[in-house]
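Report on one structure; see the data block that follows.
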Number of protein chains: 2
Amino acid sequence: MDGKSAGQATKKIPGVLTERQEEKERVRERILDAAQKMMIEDGFRALSIRKLATRVQYSAGNIYLYFENRDAIARELCLRGYAEMLAWLEKGAATASKPGAKLRGASAAYLQFALARPEMYRLIYMDDPAYLEAVFAERREDDPATRAYELLIDLAAATLGAQADRPQAVKLAESCWAAMHGIASLKLSCPTFPRTSPEILCEAALDGLLKK
Amino acid sequence: MDGKSAGQATKKIPGVLTERQEEKERVRERILDAAQKMMIEDGFRALSIRKLATRVQYSAGNIYLYFENRDAIARELCLRGYAEMLAWLEKGAATASKPGAKLRGASAAYLQFALARPEMYRLIYMDDPAYLEAVFAERREDDPATRAYELLIDLAAATLGAQADRPQAVKLAESCWAAMHGIASLKLSCPTFPRTSPEILCEAALDGLLKK
DNA sequence: TCTTGCGCTGAACACCGTTCAGTGAACACC
DNA sequence: GGTGTTCACTGAACGGTGTTCAGCGCAAGA
């Protein structure tokens, strides 16, 4: 597209290679955007490579020049999901000032995220353990799933105060996490069944875990 | 096989028709047994009709003379799973005598069941919402899933005492259920991640929900 | 202008769930 | 015993899936 790209290419300046890579990256993002939309509409399990390719006006085989396989697409979408979830958590924590209330706010936001983005949540935590494992296997410091986890632990540590050690904070954070996950995934697995509303179950669970 | 069956058949006594039906039922059970074994080994998602047919020495098409489709097999296996789960709950409740301790015991047993039969639990509560919905849509009085649900509610009602109304008991029962489900499904979704052991998380959750 | 490399396609492979015409044997009746 | 019917069962087929790959056309570089 850029007329000067040829001149740059002769000198093998990184910028030109990058332009090619950037174009490739743009297509990749376009594919991912389409995949995300399709997942939100019908769930990731209903997303087929062929339908995805049709949506972005490519042949099915071409998708494999951008992603190793279908699971790789799932993992990328998971990363987007974790990032979105982290944003919800941070926003939830910011609604309060006292440590205990911050943990409460973040926990409630976790549940709200799950109910607001059901198919995303399902992909992240319910579809295939391998996706979540893959993210934590890398264990990059800055991946949003790890940051969300550690945000909860920090909030839990602040809630417990200075006299509590880290394992206690981990225990409290994971307790909140598991409680919210239970309410969310139960609601997603069987929408009509738990009679009590998620909000009330959330309140009851956090009351139990957070009251001293 | 029975030499006298022909004589009975002439008179169309129900017993003969039943013998055919019984044979059919036996084959059905044989298929279900194989399906259950395969599910426990590799999970239900990895179970294909063709592999199942090979395992029971039939052609794939023949399976469809015993089950409407693959989902119907899933639903039957779910029913078996609910029955097994109910047995665990009852056994867990029976380990104590006081109402609160009974609810605790049943809840803990729920979690133990999930961890002891991971693929069964995954099928029941995590794979496809439609399976659980289908069971509750029928709403037969004696189906094991409903009985398990109502067992928890009864135990919760007993725990709260006479002054509590039914919605309160439902709330407590569902809180316990959601809490245990959260711990179980998180453990199954990401085995390596929650650092705190399920037992400790279970204790913390029930302490919070059950202490007055 | 020729060559190289890259993006892309279409066909193919091996699966999948599901359907269905056809087969052979067991049964019911004359 | 002969004959028609029912029944369990098979094998092939259809349309779908994920994935691979030879080959094609075009743009870039020599």
Side-chain angles (χ1 to χ4, degrees), chain A residues 1-13 15-28 30-31 35 38-39 42-75 127-128 130, chain B residues 1-31 35 38-39 42-75 127-128 130:
Chain A
M1 299 206 175
D2 185 358
K4 297 174 184 173
S5 62
Q8 292 173 351
T10 54
K11 292 195 174 183
K12 282 189 175 178
I13 292 172
V16 168
L17 285 176
T18 325
E19 182 171 338
R20 276 233 161 132
Q21 288 173 339
E22 272 175 4
E23 172 59 22
K24 192 141 192 168
E25 194 55 38
R26 274 193 294 272
V27 174
R28 228 181 107 91
R30 211 159 55 80
I31 295 172
M38 294 172 75
M39 178 205 65
D42 302 319
F44 187 77
R45 296 180 64 169
L47 184 148
S48 81
I49 298 292
R50 282 179 164 87
K51 282 188 282 188
L52 174 58
T54 302
R55 183 107 152 203
V56 292
Q57 311 246 56
Y58 280 131
S59 70
N62 197 33
I63 303 292
Y64 289 86
L65 298 175
Y66 295 90
F67 298 94
E68 190 194 346
N69 50 31
R70 189 173 174 273
D71 281 357
I73 297 176
R75 283 193 299 265
D127 254 358
D128 194 329
Chain B
M1 301 205 175
D2 185 0
K4 296 174 185 175
S5 62
Q8 292 173 352
T10 53
K11 291 196 175 183
K12 284 190 177 178
I13 292 171
V16 168
L17 285 176
T18 323
E19 182 171 339
R20 275 227 162 140
Q21 288 173 337
E22 274 176 2
E23 173 58 22
K24 192 143 191 166
E25 194 56 37
R26 274 193 293 271
V27 174
R28 227 181 109 92
E29 289 298 312
R30 211 158 56 81
I31 296 173
M38 294 172 74
M39 178 205 66
D42 303 319
F44 187 77
R45 296 181 63 169
L47 184 148
S48 81
I49 298 292
R50 282 181 161 87
K51 283 188 281 187
L52 174 58
T54 302
R55 183 107 151 201
V56 292
Q57 311 247 55
Y58 280 130
S59 71
N62 196 36
I63 302 293
Y64 289 85
L65 298 176
Y66 295 91
F67 299 94
E68 190 194 346
N69 51 28
R70 189 172 173 275
D71 281 357
I73 298 176
R75 272 179 266 130
D127 256 357
D128 194 331

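In the text below, chain A, chain B and the rest are named by the order of the sequence lines, each starting its count at 1. Please read all numbers here as calculations on a predicted model, not as lab measurements.
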Whole-Å distance separating the CD atom of A/Gln57 from the C1' atom of C/dC8: 14 Å

Set of salt bridge (Lys or Arg N to Asp or Glu O under 4.0 Å) partners for B/Arg45, sequence neighbours left out: none

Residues in salt bridge (Lys or Arg N to Asp or Glu O under 4.0 Å) contact with A/Arg30, at least two apart in sequence or another chain: none

Whole-Å gap separating P (C/dG5) and NZ (A/Lys24): 15 Å

Partners meeting side-chain hydrogen bond (donor to acceptor under 3.5 Å, both in side chains) with B/Arg28 (sequence neighbours left out): B/Glu76

Flag side-chain contact, heavy atom, 4.5 Å: A/Val56 against A/Asn62: no

Sub-4.5 Å side-chain heavy-atom contact between A/Phe44 and A/Asp128: no

Residues A/Arg26 and A/Glu23 bridged, charged N to O under 4.0 Å: yes

Length of the OH-P vector between A/Tyr58 and C/dG10, whole Å: 14 Å

Close side-chain approach of B/Tyr64 to B/Ile49, heavy-atom, < 4.5 Å: yes

Interatomic distance where CD belongs to A/Gln21 and P belongs to C/dC6 [whole Å]: 11 Å

Spacing of A/Phe44 atom CZ relative to D/dT17 atom C1', expressed in whole Å: 13 Å

Secondary structure of DNA chain C in dot-bracket form (Watson-Crick or G-U wobble, distances below 3.5 Å, | marking inter-strand pairs): ||||||||||||||||||||||||||||||

Sugar-phosphate only, base, or nothing, as touched by A/Tyr66 at under 4.0 Å among non-hydrogen atoms: sugar-phosphate

Distance (rounded to the nearest 0.5 Å) between B/Leu47 CG and B/Met39 CE: 9.0 Å

Below 3.5 Å is the cut-off: list the nitrogen or oxygen pairs between protein and nucleotides 15-19 of chain C, distance only.
unit_1, atom_1, unit_2, atom_2, d
C/dC16, OP1, B/Ser48, OG, 3.0
C/dG17, OP1, B/Ile49, N, 2.9
C/dG17, OP1, B/Arg70, NE, 3.4
C/dG17, OP2, B/Ile49, N, 2.8
C/dG17, N7, B/Arg50, NH1, 2.4
C/dG17, O6, B/Arg50, NH1, 3.4
C/dG17, O6, B/Arg50, NH2, 2.9
C/dT18, OP2, B/Tyr64, OH, 2.7
C/dT18, OP2, B/Arg70, N, 2.8
C/dT18, O5', B/Tyr64, OH, 3.3

Test side-chain hydrogen bond (donor to acceptor under 3.5 Å, both in side chains) applied to B/Asp71 - qualifying residues, sequence neighbours left out: B/Tyr131

Rounded distance in Å - CD1 (B/Ile63) to C1' (C/dC20): 16 Å

Distance, rounded to the nearest Å, where B/Glu23 contributes CD and C/dA26 contributes P: 13 Å

